[in-house]
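All values derive from a computational prediction rather than experimental measurement.
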Amino acid sequence: MNCPFCIPTQGALLYEDEKIRILIDSYPANKGHLLVVPKRHVEKLEDLREDEKFALLKGIEISIQNLKKLLNPDGFNIGINLGEAAGQTVPHLHIHIIPRYNGDSTFPRGGIRKAVINVEDENLSLKEKWIKNRLKEDEKKKLVELFRNI
């Protein structure tokens with residue numbers, strides 16, 4: 001199996017314990033976009049064990065805490081794409097933690113509800129956009145340190 005979440009690149013891995021990994025998203029929708037994934041290869045929400053569900057929620061919490069310390073965002077979108085029809089491209093359950101900043105969108109109202117708007121995601125089609133959204137090396141190093149102190 002060639003799953004990028006089962007065998008993440010060293011540069012993407014921020015945190016790992018016996019149940020979860022926290023990764024830097026390769027195609028960030030915004031600066032600081034992270035993924036919280038179960039360590040065990042699980043494709044469906046209903047296949048998670050109770051201890052994995054708890055660990056994923058804890059992963060969301062520590063991701064938010066560390067992103068607040070480093071980047072001081074004004075809000076967050078947290079979401080899961082379940083199935084190809086919902087936009088899931090990697091068949092391994094993962095939770096998106098997307099920091100939001102005042103002014104990063106002209107029309108932020110509706111947040112996650114805009115997932116069904118029939119418009120291509122400009123973050124994926126405009127390479128310069130997701131490259132711009134990547135953490136700078138010094139920011140990445142600081143974030144790695146924050147996760148090491150857990």
Going hydrophobic residue to hydrophobic residue with side-chain gaps under 4.5 angstrom, can you get from [X] over to [Y]?
X: Val90; Y: Val36; result: no
X: Leu23; Y: Leu71; result: no
X: Ile24; Y: Ile78; result: yes
X: Leu35; Y: Tyr27; result: no
X: Ile80; Y: Ile98; result: no

Rounded to the nearest 0.5 Å, how far apart are [atom1] of [X] and [atom2] of [Y]?
X: Asn133; Y: Ile131; atom1: CG; atom2: CD1; answer: 10.5 Å
X: Phe5; Y: Leu13; atom1: CZ; atom2: CG; answer: 12.0 Å
X: His41; Y: Ile7; atom1: NE2; atom2: CD1; answer: 11.0 Å
X: Ile22; Y: Leu56; atom1: CD1; atom2: CG; answer: 9.5 Å
X: Lys31; Y: Lys132; atom1: NZ; atom2: NZ; answer: 8.0 Å
X: Gln65; Y: Lys69; atom1: CD; atom2: NZ; answer: 6.5 Å

Is any side-chain heavy atom of [X] less than 4.5 Å from a side-chain heavy atom of [Y]?
X: Leu143; Y: Leu67; result: yes
X: Lys39; Y: Glu52; result: no
X: His96; Y: Asn77; result: no
X: Asp25; Y: Leu34; result: no
X: Lys142; Y: Leu135; result: no
X: Lys19; Y: Lys58; result: no
X: Pro38; Y: His92; result: yes
X: Val37; Y: Ile20; result: no

Could you tell me whether Lys68 atom NZ has more than 12 heavy atoms of other residues or ligands within 6.0 Å of it?
no
Looking at Glu84, I'd like to know if its CD atom is crowded, meaning that more than 12 non-hydrogen atoms belonging to other residues, nucleotides or ligands lie closer than 6.0 Å.
no
Taking Asn66 for the side chain and Ile62 for the main chain, is one N or O donor matched with an acceptor at less than 3.5 Å?
yes
Can any side-chain N or O of Asn30 pair as donor or acceptor with the backbone N or O of Pro99 at less than 3.5 Å?
yes
Whether Phe147 and Tyr15 hold their rings parallel, tilted or perpendicular, with breakpoints at 30° and 60°
tilted
Strictly below 4.0 Å, N to O, side chains only: are Arg49 and Asp51 in salt-bridge contact?
yes
What heavy-atom pair brings Arg134 and Ser26 nearest, and what distance separates the two atoms?
NH2-O, 2.9 Å
If you compare all heavy atoms of Gln88 against all heavy atoms of Gly83, which two are closest, and at what distance to 0.1 Å?
OE1-N, 2.7 Å
